[in-house]
Q: 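Please see the structure below; I have some questions.
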Amino acid sequence: LKARRGARLTALTCGGAIPDNADYRVVVEPSGEFVGSVHEDFAIESLPGDIFQLGNTAWRILRLDAGTLRVEDAQSLPPSIPFWLGEAPGRTWELSEGVARVRLALTEQADPYAWLARLGVAGAAAEQAVNYMAAAKTALGVVPTLDTVIFERFFDEAGGMQFIIHAPYGSRVNRAGGCPCASVSAARSISSCRPPPPRTR
């Protein structure tokens with residue numbers, strides 16, 4: 001990896017700005033406690049009674065006010081996951097493939113620091129990448145790749161069951177897996193999967 005010509009000038013002259021967005025405050029009833037925020041589109045598309053995850057708690061939606069989503073504790077009932085929309089398109093198949101290859105290669109290197117240095121990654125960035133992948137492989141036993149999706153289930157401190165999908169595909173696959181029926185079915189029957197090849201334009 002190396003900087004493109006003119007990258008320094010671009011970085012200095014185009015600092016950018018935080019885009020205008022309309023995130024909705026999430027407030028617990030009846031205490032009025034502020035617990036976080038969700039994207040405007042998620043708030044508007046939700047209905048009273050819907051349950052979603054924010055932080056480590058499941059919340060039931062009571063009503064939507066101007067700029068505020070009123071909720072109550074859902075007592076660990078199965079939640080959906082709120083979404084936020086970025087300014088760029090979702091991860092492409094090519095990028096997902098590249099991320100999977102790099103993660104797998106990093107865990108297979110006898111000297112991962114030297115391998116990263118040859119790619120132009122050194123210092124704190126290399127240390128962070130090596131430590132992250134080592135911790136992931138220790139915890140999961142295997143690295144998620146294009147051929148292997150890992151489903152992890154555990155219970156949090158409050159006794160609620162949590163379900164995590166480890167995959168390099170991004171939201172195109174993981175968002176569908178967030179549906180309780182899909183997650184349960186997948187966890188029962190799938191140990192690895194390969195999505196269909198990308199469509200050509």
Side-chain angles (χ1 to χ4, degrees), residues 1-16 18-19 36 39 53-56 81-157 160-178 182-201:
L1 299 176
K2 64 179 182 178
R4 297 176 64 180
R5 290 181 61 185
R8 185 173 184 277
L9 180 62
T10 301
L12 293 174
T13 58
C14 302
I18 298 173
H39 193 275
Q53 181 89 16
L54 190 60
N56 60 0
I81 305 297
F83 61 82
W84 284 263
L85 302 179
E87 292 190 298
R91 181 187 293 174
T92 63
W93 172 261
E94 292 77 14
L95 178 57
S96 297
E97 190 174 28
V99 167
R101 281 201 317 266
V102 169
R103 290 197 305 195
L104 185 60
L106 184 59
T107 61
E108 294 176 339
Q109 300 301 315
D111 185 352
Y113 293 102
W115 182 74
L116 287 171
R118 287 196 300 274
L119 297 177
V121 181
E127 183 176 0
Q128 185 179 26
V130 170
N131 291 343
Y132 174 76
M133 289 313 304
K137 189 169 185 180
T138 299
L140 300 172
V142 62
V143 176
T145 66
L146 293 176
D147 296 320
T148 305
V149 176
I150 301 169
F151 298 93
E152 178 186 4
R153 185 185 74 160
F154 66 93
F155 293 89
D156 59 26
E157 296 82 0
M161 187 182 76
Q162 305 298 323
F163 186 70
I164 299 176
I165 303 171
H166 299 273
Y169 310 118
S171 63
R172 294 181 304 157
V173 171
N174 290 357
R175 188 169 176 198
S183 299
V184 170
S185 175
R188 287 178 179 163
S189 61
I190 299 177
S191 58
S192 66
C193 70
R194 182 189 298 270
R199 290 186 301 230
T200 56
R201 294 183 180 179

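A quick note: this is a predicted structure, and the numbers were derived from the prediction, not measured.
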Q: Roughly how far, to the nearest 0.5 Å, is the CZ atom of R101 from the CG atom of L106?
A: 14.0 Å
Q: Side-chain donor-acceptor pairs under 3.5 Å in residues 110-130, sequence neighbours left out?
A:
residue, atom, partner, partner atom, Å
D111, OD1, Y113, N, 3.3
D111, OD1, A114, N, 3.3

Q: Under the side-chain hydrogen bond (donor to acceptor under 3.5 Å, both in side chains) test, which residues partner E152, sequence neighbours left out?
A: H166
Q: Sequence neighbours left out, what passes side chain to side chain contact (heavy atoms under 4.5 Å, CB included) with A100? Give chain and number order.
A: L146, P168
Q: To check you understand the geometry: which heavy-atom pair defines the closest contact between I150 and V143, and what is its length?
A: CD1-C, 4.4 Å
Q: Among all residues two or more places apart in sequence or in another chain, which pass the side chain to side chain contact (heavy atoms under 4.5 Å, CB included) test with V99?
A: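 Side chain to side chain contact (heavy atoms under 4.5 Å, CB included) check on V99 returns L95, R103.
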Q: State the CE-CG distance between M133 and L104, to the nearest 0.5 angstrom.
A: 8.0 Å
